[in-house]
Amino acid sequence: MAGAPVSTPDYSEAVETALGKLDLEAKARLLAGQDMWSLPALPEIGLGSLVMSDGPIGVRGVRWTADDPSIALPSPTALAATWDPALARRAGTLLAQEARRKGVHVLLAPTVNLHRSPLGGRHFECYSEDPYLTGEIASGYVGGVQGGGVGTTVKHFVANDAETDRFTVDNVVAPRPLRELYLAPFEAIVENAHPWGIMAAYNQVNGVTMTEHRYLQNEVLRGEWGFDGFIVSDWMAARSTAGAILGGLDVAMPGPKTVYGEALAAAVRKGDVDEAVVDDAVRNVLRLAARVGILDGVDGAVTELPAAVDGQALAREVARRAFVLVRNERDVLPIDPARVRKVALIGAAARDARVLGGGSATVFPERVVSPLIGLTAALPEGALTYTVGADPSDELAPADQGFELRAVCRDGDGNVLGTGSLPGGQVQWIGDDLPAGVTHDALHSVEVTGTFTPRESGEHTFGTRGIGAYTLTVDGRLLWDGTQSMRDGADPFEAFFGAPAERGRAHLTEGVPVEVSLRHTVHRNADAPLTAVMFSLTHLGPRRDADELIAEAVEAARAAELAVVVVATTDRVESEGFDRRDLRLPGRQDDLVRAVAAANPRTVVVVNSGSPVELPWREDVAAVLLSWFPGQEGGAALAEVLLGHEEPGGRLPTTWPARLTDAPVTQVRPRDGQLPYEEGLFIGYRAYDRAGVAPAYPFGHGLGYTSWEYESLEATPTHAKVRVRNTGARAGRETIQVYLAPVADAVSRPRRWLAGFASVSAAPGDSAEVEIPLPRRAFEIWDESAGGWSFVPGQYEVRACHSLGDVRLSATLEV
Ligand code: BGC
């Protein structure tokens, strides 16, 4: 099984011996971050420093900079769209390899909160609206990471399904949806893959903040499910010393200022906390340390490493297996090179690809293959034209294309302390991660300085992001000298997630470099839990007339046999730290698609977004391919799929609404601090079924390049056996989905739900048979009055489907 756990040796003896040598102070210290990413080493017991890092599409390492690149896999929505736990496991194996390369012992991933609302800012970072699919994909992922000797922290426990007021919101969830939906993936992963860690969320659930949730952490997670890993707080989520330790939280991150450490030792001395409780938390950390191989005297859980993985190749494979072809009229795809000699590629994101979502999930890949690069390489010379068409971004973004920057650090007298390289305009120095020779004590100002060579002539806008005082100069002209203060109630990670502010404009000429300087006086916040220097130089290129851009694209589309339009969201639309307000494509992209489709009937739209967007023109174009955030090799995978070297393998892991108002949950803003999950069990397809609303594309939908006939289905209470035949002209892969639908229901349940799935491959004309297990849980509900799972006997229709909306065979089953 893809999630099969690493069997861990019994470390009790080593753990007890180490614990026995520690005094209260050392124990309390071990439970507190020593900095942003690590726990202290305790040489007296042969314990190394445990290092953690985000997650989930790559391993960033302890430095937030492009200087330390990582393989960037496709977004978690994309991984889930593969419906392939074994592929998720291979992704995990690669991530373990990346973690080891960067000295990381625990990966802060996977994110298994649910797609409750498409507005959720971290929707792209979660897998699915369906708890079963989420649990299966995540189990594979955890199995792969831990099979490589690296720990995981399944996050965020629990019900962190939106971002608005995430530090304080009280999510009010009834026991049944809590068990059947939100806890279900965590439970499945604990059972299948034995994760070594769980991350406690920022939010409250039913009035108790998650880092102190004794019932959910101690009774459910550890007690009922038998979880034996460590529980780490989300970053800055631990708020009370006694509350957290008694509530089951083992480690408070980040440090050095935390509610544990000295404060925890003091709480024990005062009698507020029993030392035995601290001992249990220390045991959990020591067991983890033993598993990842940093406790002297015992071997880590994995002594033989898996074979090395080629990261670029795997990133490309996951991308093409994740692409979901939702529409393909008249088989416009794959592109037939005999008939199509000229392709017009259109869209800002075709050139500046959006390969990943924003926030803590950000990693810095060594290279990015954009659709433009990928298709240029794959098509004969001269076959491709490129036009921008529409620019989705009308907001400043961190200085990137055309900038050559470095950061000069000075003391209060203006003496240079050190210089850091700066591949983009973002300074994100956390803890002691400072350029050589620089200390926080001595540091007074940082100047981001260098040159900017514009790609286009015209009026360029410059700005800043982050708190503090700034002086901005471009081409020898002072554009701004002023101070940005903290907004009331802003997210503590404002420098990451806050909106960039415009500070001035300069008229510049294409290809002519100019000097740029942003001097920042370091902002000190004595109350902040960590010392950091975080700010950005931001930029926006000249705004060209939008109608003119569209007209240019239309011209190009007319001159070609086929048009490929890449539409996208921006960093300001999909990111951690805030929720979306609508599902529209930003800028004039909808107008662009309509105009191009009117000019060329063979228009293929590639949707480069991590989560659903409205596609109001979807019936007017020949094909629609959802590419998600496709990771660093996305453009290469796109070329393979468009040209038919490979099939698009994805199926929707989440219902794609026609418009936001059709979505089951459109309200993610708490009222008076509370967000009631009023819809109960009805999220995702369960809700569309109940409301009788047709989405744009149903859950599980996705087309390949061949066709399948479902020949037979046999169902028993434990499995469904399905035989399919490839009736098309080329080899392919089919994801067979099995849904259960109660024939008559004595209890209130959704109309149908996913109970199992499997993929098969077959050559043209060949058939394949697969046995898909039906877990007992698929027939159970959480009985609120009894406080336990209850099997619901009766008649069920077992449906073998190509997607939720495409039932191929069904059988009746009595259980
Ligand atoms: C996020 C976590 C992440 C942590 C460390 C938090 O803001 O919610 O998912 O692991 O930061 O970067």
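Just so you know, ligand 1 is whichever comes first in the structure, and atom 1 is the first atom listed for that ligand. In this chain, numbering begins with 1 at the start of the sequence shown. These numbers come from a predicted model, not from an experiment.
Heavy-atom minimum distance, Leu79 versus Tyr141: CD2-CD1, 4.0 Å.
At distances below 3.5 Å, not a single donor-acceptor pair connects side-chain atoms of Thr362 with backbone N or O atoms of Gly358. Between the His520 side chain and the Phe535 main chain, no donor and acceptor come within less than 3.5 Å of each other.
Residue contact check: Ser360 has heavy atoms under 4.0 Å from atoms 1 (C), 2 (C), 3 (C), 9 (O), 12 (O) of ligand 1. Ligand-side atoms of ligand 1 in range of Lys155: 2 (C), 3 (C), 9 (O), 10 (O), range being under 4.0 angstrom from any heavy atom. Each of the following atoms of ligand 1 lies closer than 4.0 Å to a heavy atom of Arg122: 1 (C), 2 (C), 8 (O), 9 (O).
Between Trp64 and ligand 1, a contact under 3.5 Å exists for no N or O pair. Residue Arg60 has no nitrogen or oxygen atom sitting less than 3.5 Å from a nitrogen or oxygen atom of ligand 1, judged on distance alone.
Ligand 1 lies within reach of Met199, whose nearest heavy atom is under 4.0 Å from it. Using a 4.0 Å heavy-atom cutoff, Trp37 is listed among the residues neighbouring ligand 1. At least one heavy atom of Arg166 sits under 4.0 Å from some atom of ligand 1. Not a single heavy atom of Glu125 sits closer than 4.0 Å to an atom of ligand 1.
When the shell of 6.0 Å around CG of Asp68 is examined, it contains more than 12 heavy atoms from other residues, nucleotides or ligands. Annotation: Glu395, atom CD; neighbour count of heavy atoms from other residues, nucleotides and ligands within 6.0 Å is above 12.
The pair Asp228-Arg291 counts as a salt bridge, with a side-chain nitrogen and a carboxylate oxygen less than 4.0 angstrom apart. Residues Arg89 and Asp84 are not paired through a salt bridge, judged by the lack of any N-O separation under 4.0 Å between the basic side chain and the carboxylate.
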Salt bridge (charged side-chain N to carboxylate O under 4.0 Å, His left out) evaluation trace for Glu633 with Arg367: CA-CA 8 Å; Glu633 305 296 319; Arg367 70 172 204 167; 2.4 Å; yes
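Heavy-atom proximity to atom 11 (O) of ligand 1, evaluated over Leu107, Asp54, Asp234, Asn113, is greatest for Asp234.
Contact annotation: for Glu163 versus ligand 1, there are no heavy atoms closer than 4.0 Å.
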